[in-house]
Q: 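Pasting a structure here, questions to come.
Order of the sequence lines sets the chain letters (A, B, ...), proteins ahead of strands, with each chain counted from 1. As the structure is a computational prediction, the values presented were derived from the model and not from experiment.
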2 protein chains.
Amino acid sequence: MDSASAGPAGNETSPPIRPVFYISDGTGITAETIGHSLLTQFTGFRFVTDRIAFVDDLEKARDAAARIRAAGEKYGVRPIVINSCVDPAQAAILAESGALLLDLFAPFIEPLERELNRPRQARVGQAHGMVDFEVYHRRIEAMNYALAHDDGVAPNYDEADVVLVGVSRAGKTPTCVYLALHYGIKAANYPLTDADLESERLPARLRPYRRKLFGLTIDPERLHQIRAERRPDSGYARLDTCRREVAAAEAMFRNERIPVLSTTHTSIEEISSKVLSTLGLQREMF
Amino acid sequence: MDSASAGPAGNETSPPIRPVFYISDGTGITAETIGHSLLTQFTGFRFVTDRIAFVDDLEKARDAAARIRAAGEKYGVRPIVINSCVDPAQAAILAESGALLLDLFAPFIEPLERELNRPRQARVGQAHGMVDFEVYHRRIEAMNYALAHDDGVAPNYDEADVVLVGVSRAGKTPTCVYLALHYGIKAANYPLTDADLESERLPARLRPYRRKLFGLTIDPERLHQIRAERRPDSGYARLDTCRREVAAAEAMFRNERIPVLSTTHTSIEEISSKVLSTLGLQREMF
């Protein structure tokens with residue numbers, strides 16, 4: 001997918017363009033998340049996507065419909081609209097744009113109303129708003145914890161829910177931040193030092209927290225690339241350094257039976273989801 | 001919603017419990033995102049939620065169905081399943097659990113196939129996997145940028161897409177990290193100092209980047225609470241300090257016509273979405 005502007009749809013060398021709009025009365029995150037999941041199932045198109053957030057009255061819905069109609073005229077093809085506005089009157093206005101309108105909530109509301117035996121409350125922007133202040137506050141605290149425990153110099157990990165362990169640049173920091181932001185998990189980050197890697201045993205400081213540990217590893221060639229971008233021509237970035245460190249870290253994880261995952265072909269979302277299920281952490285997602 | 005374990009459903013003092021399962025052949029993020037959006041529209045229940053990720057074969061689907069059935073028996077009420085597995089055979093197995101099965105993709109695939117005039121490719125775990133390495137790499141770079149430019153001491157902001165400006169603890173850091181993680185935006189963070197706040201004019205270092213600036217403000221009472229948690233009894237946390245700093249920052253934003261948003265009742269997702277639309281940044285979401 002691609003959000004750049006582009007010429008007319010469907011010449012001989014490039015895939016046909018199809019404009020897609022995510023329309024929401026809130027942030028647009030729900031619409032874009034499921035819309036993206038749906039579009040990944042269709043190959044051979046270049047989807048030119050646009051997010052129109054905070055469409056929370058009929059006037060804004062009319063403005064959005066005008067933009068959708070204009071995109072259809074520009075590209076000469078019917079736009080696709082993924083709509084998560086809760087107000088059916090807004091959906092009706094969007095449908096007048098001539099686009100294919102996919103209403104995210106419509107197919108599920110009626111079965112849920114029947115199952116729960118009560119009508120839904122069509123409140124705007126609840127999903128990603130600050131609904132519960134205490135919960136939100138814990139999430140920000142988790143985020144601050146991740147940033148403050150990103151360097152291995154924490155006095156202890158008593159408060160941590162998870163301690164990610166690995167060599168420098170194996171992917172620990174982005175994963176810690178993701179776990180904090182999305183699950184309110186207090187995730188600390190312990191980079192293995194040369195001294196740690198000499199012994200193939202857990203560093204003494206980590207031993208009391210064995211059940212919170214999760215190892216991250218990475219392909220040495222990939223690690224070499226990443227390190228070379230940051231510190232070209234350093235001993236730190238050399239391929240043989242990367243090979244030695246990764247081999248030692250993997251031996252340690254194996255000896256100590258620390259669960260481990262390679263980040264080479266694994267996204268932050270996948271790593272985070274595996275960490276939660278492996279360590280048995282059940283948390284609501286934000 | 002609440003993921004804690006709990007006793008039997010529906011006594012007189014607490015709302016009735018309803019078990020909810022998010023089932024996915026990938027991370028479960030899509031299922032939980034839309035499931036959460038749907039459930040926020042139904043009040044008066046305590047939804048006890050569980051995520052079962054990476055259900056990518058029939059055997060795992062049968063295990064998931066057994067867990068769902070067990071939850072129905074434990075709580076004495078029919079579970080709700082939000083399913084995003086692409087394989088219809090897995091959905092059929094999940095349905096045998098007796099739960100209300102809401103299949104996230106089913107209602108949209110047929111209209112999309114008709115519109116795009118080709119069948120979907122039912123590939124597992126595409127939405128939150130590492131599909132495009134270059135795109136993923138830019139996202140991690142953006143994350144590193146946000147963490148490295150979190151303190152206002154950057155030599156310049158030439159590379160930044162956005163510079164968030166505000167007093168200490170107004171919400172800049174979590175927003176920068178969110179913008180990086182989810183949109184690959186290079187977001188720097190400039191905390192206004194006492195010296196900056198004396199003049200009501202933009203600090204000299206920010207003037208060349210006027211079009212990248214976005215101000216965050218906060219209710220002074222709320223700021224006082226947040227600062228007092230971190231440094232109790234400090235001059236920094238005193239309510240009159242907070243009032244003075246916020247008033248000066250808001251005057252600066254007004255004088256300089258910097259767009260501004262209060263974070264007091266606004267989530268990171270909402271702030272990020274507003275920053276993108278205000279500064280006209282169009283980026284795909286991760």
Q: Counting only non-hydrogen atoms closer than 4.5 Å, does A:E113 touch chain B with its backbone (N, CA, C, O), its side chain (CB onward), both, or neither?
A: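 Its backbone and side chain both get close to chain B.
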Q: Name the orientation class of the two ring planes belonging to A:F108 and B:F108 (parallel below 30°, tilted from 30 to 60°, perpendicular beyond 60°).
A: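 Ring orientation, 0 to 90° scale: perpendicular.
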Q: Which one, A:V177, A:I52, A:D103, A:L112, leads in non-hydrogen pairs under 4.5 Å with chain B?
A: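 With the most close heavy-atom pairs to chain B, the winner is A:L112.
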Q: Which value, rounded to the nearest 0.5 Å, describes the distance between A:T43 atom OG1 and B:Q121 atom CD?
A: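 The OG1 atom of A:T43 sits 4.0 Å away from the CD atom of B:Q121.
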Q: Step by step, work out the side-chain contact (heavy atoms from CB on, under 4.5 Å) result for B:E32 and A:H182.
A: CA-CA 11 Å; B:E32 191 161 354; A:H182 286 271; over 6 Å; no
Q: Any heavy-atom pair between the side chains of B:Q41 and A:F105 that's under 4.5 Å?
A: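 In short, these two side chains touch, coming nearer than 4.5 Å.
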Q: Tell me, for A:R114 versus chain B, whether the close heavy atoms (under 4.5 Å) come from the side chain, the backbone, both or neither.
A: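 For A:R114, no heavy atom lies under 4.5 Å from chain B.
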Q: Against chain B, label A:I109 side chain, backbone, both or neither, depending on which of its atoms sit under 4.5 Å from a heavy atom there.
A: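 Both parts, heavy atoms under 4.5 Å.
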Q: Can you check whether B:I268's main-chain N or O pairs, donor with acceptor, with A:Y136's side chain at less than 3.5 Å?
A: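 Yes; judged by distance alone, with no hydrogens or angles, the pair exists.
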Q: Considering all heavy atoms of both residues, which atom of A:T173 and which atom of B:M143 are nearest to each other, and what is their separation?
A: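 Here A:T173 and B:M143 meet closest at O-CE, 4.4 Å.
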Q: Is a side-chain donor or acceptor of A:R120 paired with a backbone partner of B:L38 at a separation under 3.5 angstrom?
A: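 No, because the side chain of A:R120 does not come within donor-acceptor range (under 3.5 Å) of the backbone of B:L38.
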Q: Report which part of A:L181 has an atom under 4.5 Å of a heavy atom belonging to chain B: side chain, backbone, both, or neither.
A: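 Contact with chain B involves the side chain of A:L181 alone.
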Q: May I ask you to test the B:Q225-A:H137 pair for a side-chain heavy-atom distance under 4.5 Å?
A: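 A side-chain contact is absent here, since even the closest heavy-atom pair is not under 4.5 Å.
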Q: Under a 4.5 Å heavy-atom cut-off, does chain B meet the side chain of A:P174, its backbone, both or neither?
A: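 Both backbone and side chain.
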Q: Given heavy-atom pairs under 4.5 angstrom as the criterion, report whether the side chain, backbone, both or neither of B:I140 touches chain A.
A: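 Just the side chain, heavy atoms under 4.5 Å.
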Q: Could you check whether any side-chain heavy atom of A:L276 comes within less than 4.5 Å of a side-chain heavy atom of B:R51, counting everything from C-beta outward?
A: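 Yes, close enough: below the 4.5 Å cut-off.
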Q: Checking heavy atoms, do the side chain of A:F54, its backbone, both or neither come under 4.5 Å from chain B?
A: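 For A:F54, the side chain is the part near chain B, not the backbone.
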Q: Give, as side chain, backbone, both or neither, the part of B:N144 having an atom under 4.5 angstrom from any heavy atom of chain A.
A: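 For B:N144, side-chain heavy atoms alone lie under 4.5 Å from chain A.
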Q: Tell me if a side-chain donor or acceptor on A:R78 pairs with a main-chain N or O of B:E115 at a distance below 3.5 Å.
A: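 No, because the side chain of A:R78 does not come within donor-acceptor range (under 3.5 Å) of the backbone of B:E115.
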Q: Rounded to the nearest 0.5 Å, what separates atom OG in A:S37 from atom CD1 in B:I34?
A: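 Rounded to the nearest 0.5 Å, the OG-CD1 separation comes out at 9.5 Å.
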Q: If you count heavy-atom pairs within less than 4.5 Å of chain A, which of B:L147, B:L116, B:L102 leads?
A: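 Most heavy-atom pairs within the cutoff with chain A belong to B:L116.
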Q: Is it the backbone or the side chain of A:I82 that comes under 4.5 Å from a heavy atom of chain B, or both, or neither?
A: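 For A:I82, neither part sits under 4.5 Å from chain B.
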Q: Would a 4.5 Å heavy-atom cut-off, applied to side chains only, mark B:I29 and A:S273 as touching?
A: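 Side-chain contact under 4.5 Å: no.
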